[in-house]
Protein chains: 2
Amino acid sequence: MTTAGSESRPTRQQEPCRTREVLDIVGDKWSLLVVRNLSQGPLRFTELKRAIDGISQRMLTVTLRSLERDGILTRTVRNVMPPHVSYELTPMGKTLRQATAPLLEWSITHLTHIDAARATYDARPDTSPT
Amino acid sequence: MTTAGSESRPTRQQEPCRTREVLDIVGDKWSLLVVRNLSQGPLRFTELKRAIDGISQRMLTVTLRSLERDGILTRTVRNVMPPHVSYELTPMGKTLRQATAPLLEWSITHLTHIDAARATYDARPDTSPT
DNA sequence: CGGCATCCTCCAAGATACTG
DNA sequence: CAGTATCTTGGAGGATGCCG
């Protein structure tokens with residue numbers, strides 16, 4: 001059995017990038033916004049729509065479906081008139097929220113720095129056309 | 001001056017979503033892959049291209065430029081023949097890498113669960129057409 | 001109210017070819 | 001080797017209209 005990790009390759013490969021899979025799940029434009037807005041408790045469709053500025057009805061639906069499919073949140077329908085549908089993070093959804101927190105922290109801490117870096121970069125002479 | 005935080009609004013708004021800005025920086029298809037591959041030290045262009053399977057020359061260039069502009073990594077040119085260009089994470093880039101680690105962890109831990117959730121969802125009767 | 005179906009637009013990203 | 005330039009396309013995402 002020569003199967004197990006014979007690390008003879010000089011190539012610097014870590015495990016085949018889960019990175020890609022994470023991005024497939026929450027790397028789109030709206031998913032993390034939805035998760036974030038649900039972190040304080042369940043919300044209804046229209047409440048979410050109002051909370052997430054700029055999202056279209058379609059994209060909210062699509063995003064919610066995707067997150068529901070992935071087990072990140074649950075969709076609860078109360079069959080009344082008018083309809084009442086609420087969305088809530090699953091336990092796994094909450095752990096996801098936890099996992100994204102550091103990244104949020106990071107952005108808050110470094111956004112200024114990044115803006116500065118951009119300004120510097122854009123001011124470079126070698127970037128501008130001759 | 002009524003500027004300071006008068007939190008009278010009943011709306012459940014946290015701070016105006018940095019989430020979006022993070023995604024603008026690293027939410028695209030390749031950025032995090034690049035960052036991840038550079039986390040163990042500097043690499044040259046072609047080394048990166050080989051390491052990140054499926055990336056095109058163009059997208060690697062574009063991604064690297066963007067990350068350089070944001071101050072996530074540095075580009076170092078040695079003017080020899082043949083050309084030698086290497087990319088390395090800045091200190092800020094390394095903190096970014098740290099910040100994404102939990103999310104990576106999360107995906108590794110939960111991907112199986114997610115697959116299961118998807119299977120369950122797809123097996124639902126109400127999803128299939130009549 | 002909370003969707004789904006349809007149409008349309010636009011740009012991210014791939015393929016290819018050329019250059020310093 | 002490390003790019004840039006150009007062309008092209010798929011699909012993400014917006015707008016609108018109808019339905020239970």
Side-chain angles (χ1 to χ4, degrees), chain A residues 17 19-20 23-34 37-38 42-70 73-88 121 124-130, chain B residues 17 19-20 23-34 37-38 42-70 73-88 121 124-130:
Chain A
C17 31
T19 309
R20 208 168 246 136
L23 291 178
D24 279 350
I25 298 167
V26 294
D28 66 286
K29 199 175 174 184
W30 304 107
S31 288
L32 283 185
L33 262 345
V34 169
N37 275 279
L38 288 179
L43 284 180
R44 300 177 57 177
F45 187 88
T46 9
E47 290 172 334
L48 272 172
K49 178 143 169 34
R50 262 199 309 268
I52 305 175
D53 199 69
I55 197 172
S56 66
Q57 211 161 34
R58 189 181 112 81
M59 282 321 294
L60 182 53
T61 304
V62 170
T63 304
L64 286 170
R65 283 292 178 279
S66 170
L67 292 172
E68 186 195 2
R69 189 171 105 99
D70 290 347
L73 53 79
T74 58
R75 175 170 180 269
T76 308
V77 184
R78 267 199 277 155
N79 228 343
V80 295
M81 236 349 234
H84 184 117
V85 181
S86 74
Y87 295 87
E88 182 171 18
Y121 184 94
R124 282 187 183 174
D126 41 283
T127 330
S128 50
T130 321
Chain B
C17 32
T19 309
R20 206 168 248 137
L23 291 177
D24 279 350
I25 298 168
V26 294
D28 67 285
K29 199 174 175 185
W30 303 109
S31 288
L32 284 185
L33 262 344
V34 170
N37 275 279
L38 288 179
L43 284 179
R44 301 177 56 177
F45 187 88
T46 8
E47 291 172 332
L48 272 172
K49 178 144 170 33
R50 262 198 309 268
I52 304 174
D53 199 69
I55 196 171
S56 66
Q57 211 159 32
R58 182 178 174 280
M59 282 320 294
L60 182 53
T61 305
V62 169
T63 304
L64 286 170
R65 281 292 179 278
S66 169
L67 292 173
E68 185 196 2
R69 187 170 106 100
D70 290 347
L73 53 79
T74 58
R75 176 171 180 269
T76 308
V77 184
R78 266 200 275 154
N79 228 344
V80 295
M81 233 358 229
H84 183 118
V85 181
S86 74
Y87 295 88
E88 182 171 17
Y121 185 95
R124 281 186 182 176
D126 42 283
T127 331
S128 49
T130 320

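Each chain gets a letter, A, B and so on, in the order its sequence line appears, and its residues count up from 1. Here the structure is a predicted model, which is why all the values come from computation and not from measurement.
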Presence of K29(B) side-chain N/O under 4.0 Å of dA12(D) phosphate oxygens OP1/OP2
no
Whole angstrom value for the distance that separates P of dA2(D) from CD of E47(B)
8 Å
Any side-chain N or O of Y87(B) less than 4.0 Å from the OP1 or OP2 oxygen of dC1(D)?
no
Phosphate-side-chain proximity, R78(B) and dC1(D), N/O vs OP1/OP2 below 4.0 Å
no
Of the candidates dA2(D), dG3(D), dC1(C), the side chain of P82(A) sits closest to dC1(C)
What distance separates L38(A) CG from L64(A) CG, expressed to the nearest 0.5 Å?
7.5 Å
Tell me: NE2 of H84(A) to P of dG3(C), nearest whole Å?
11 Å
Test item: L67(A) and S31(A) side chains (from C-beta on) under 4.5 Å apart, heavy atoms:
yes
Could you state the CG-P distance from L64(A) to dC1(C), rounded to the nearest angstrom?
17 Å
Rounded distance (Å) that lies between atom P of dA12(D) and atom CG of L23(B):
16 Å
Tell me whether the OP1 or OP2 atom of dA2(D) has a side-chain N or O from R75(B) closer than 4.0 Å.
no
Would you classify P83(A) as touching base, sugar-phosphate or nothing, given that sugar-phosphate means primed atoms plus P, OP1 and OP2, and contacts are heavy atoms under 4.0 Å?
base
With a 4.0 Å heavy-atom cut-off, tell me which residues in residues 53-60 of chain B come close to DNA chain D, sorted by residue number.
Q57(B), R58(B)
Any chance you could measure L73(B), atom CG, to T63(B), atom OG1, to the nearest 0.5 Å?
10.0 Å
Measure from CG on D28(B) to P on dG13(D) and round the result to the nearest Å.
13 Å
Using whole Å, report how far CD1 of I52(A) lies from P of dG13(D).
13 Å
What residue among V34(B), I52(B), L33(B), N37(B) forms side chain to side chain contact (heavy atoms under 4.5 Å, CB included) with T19(A)?
L33(B)
Look up atom CZ in R69(A) and atom CZ in R75(A), then write down how far apart they are to the nearest 0.5 Å.
15.5 Å
For the pair made of CZ in F45(A) and C1' in dC4(C), what is the distance, rounded to whole Å?
11 Å
Partner set under salt bridge (Lys or Arg N to Asp or Glu O under 4.0 Å) for R20(A), not counting sequence neighbours
none
Rounded to whole Å, the CE-P distance (M81(A) to dC19(D)) equals 15 Å
Side-chain donor or acceptor of T61(A) paired with backbone N/O of Q57(A) under 3.5 Å
yes
